[in-house]
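Have a look at the structure below, then the notes.
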Amino acid sequence: MPPVPAAREKRLVGTSLKMYFDLPSTLRYIDAVSQLSSTASNANIDLFVIPDFITALPSAEKLKNTNVWLGAQDTYSEDKGAFTGEVSPLTLSQAGVRIVEIGHAERRRLFGETDADVAKKSAACVRNGMIPLVCIGEKSKSNIASQAVGMAVEECKPQIMAALSEIPDSAEVVLAYEPVWAIGASEPAGADHVVAVTQALRELVAGRQGRTRILYGGSAGPGTFQRLKDGVDGLFLGRFAHDTKNLEKVIEEMREA
Ligand SMILES: O=C[C@H](O)COP(=O)(O)O
């Protein structure tokens, strides 16, 4: 008898607006994403959207009768206290946020976020009933093709282990593999590289009890998922989802892939 193939995970796709849009454009964008809720549900795909903090509450209102998950781009690690300017994970959860980006490459590079911060923030998400969307990835593209996968995995491994170190093994986590050099680029990283790296990362987390889905991010858009589907459970989109027609295309492609 041939082995029964492992059931694949439910696919997941979402987008972060970073700080690209102003307030009215963000609200229009959330309206447009809300229209894709049934398309995603019918395709058995989880869909999330991550606006800025200011629009979390009105976005939650717009998404309340849909299946679209509301996300946040960051959180502080403590729930309450004298932490001027920070945003509490408790408040995010009360506002209807379900998934929180932690340790995006831009936060690590521009704001000095460390693996230790990522660990505390991931724990804060789980403590408050939200899913950490932990961003990991190697900083530079190796010039030695034969070593690129191994080097990327070695760089991602401590990032993942830090994020998992302070959360229960049963907690749901999403890992977004985003090679830093592929973020904001003209095209995504090569499929062979992404599939090999994400397959290796999946082995690292295979023993977890909690659901652990792996996304690819970095200049992803229509046409990307089909090439990466042997490694990833979905995509984390940026600029190429600013036109929601592209997001719709990606959902359709993921349904068919
Ligand atoms: O948060 C999303 C990722 O950083 C990818 O962004 P990008 O597709 O604009 O490169």
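Counting starts at 1 for both ligands and their atoms, in listed order.
Ring geometry for H242 versus Y20: interplanar angle over 60°, hence perpendicular rather than tilted (30 to 60°).
The protein non-hydrogen atom at the shortest distance from atom 9 (O) of ligand 1 is R239 NE, 2.7 Å. Ranking protein heavy atoms by distance to atom 4 (O) of ligand 1, first place goes to H104 NE2, 2.7 Å. Closest to atom 6 (O) of ligand 1, if we only count protein heavy atoms, is K18 NZ, 3.3 Å. Distance from atom 8 (O) of ligand 1 to its nearest protein heavy atom, with residue and atom name: S219 N, 3.0 Å.
The residues R107 and E101 are annotated as not salt-bridged, no charged nitrogen and carboxylate oxygen being separated by less than 4.0 angstrom. Taking 4.0 Å as the cut-off between side-chain N and carboxylate O, R8 and D233 do not count as a salt-bridged pair.
Near G184, meaning under 4.0 Å from any of its heavy atoms, are these atoms of ligand 1: 10 (O). Heavy-atom contacts of I183 reach the following atoms of ligand 1: 4 (O), 10 (O) (cutoff under 4.0 Å). Within ligand 1, the atoms closer than 4.0 Å to a non-hydrogen atom of F236 are 1 (O), numbered from 1 in the order shown.
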Listing, residues 178-192 side-chain donor-acceptor contacts under 3.5 Å, not counting sequence neighbours, or none:
| from | atom 1 | to | atom 2 | distance (Å) |
| --- | --- | --- | --- | --- |
| E178 | OE1 | H104 | NE2 | 3.1 |
| W181 | NE1 | E138 | OE2 | 3.1 |

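Where the criterion is an N or O separation shorter than 3.5 Å, residue side chain and backbone included, E106 fails it with respect to ligand 1. For ligand 1, one of its N or O atoms has an N or O atom of E178 under 3.5 Å away.
In this structure the side chain of K10 reaches within 4.5 angstrom of the side chain of R213, judged on heavy atoms. Considering only heavy atoms from C-beta on, F48 comes within 4.5 Å of L133 through its side chain.
At a cut-off of 3.5 Å, with distance as the only test, no side-chain donor of D31 or S34 sits close to an acceptor on the other residue.
Not a single heavy atom of F240 sits under 4.0 Å from any atom of ligand 1.
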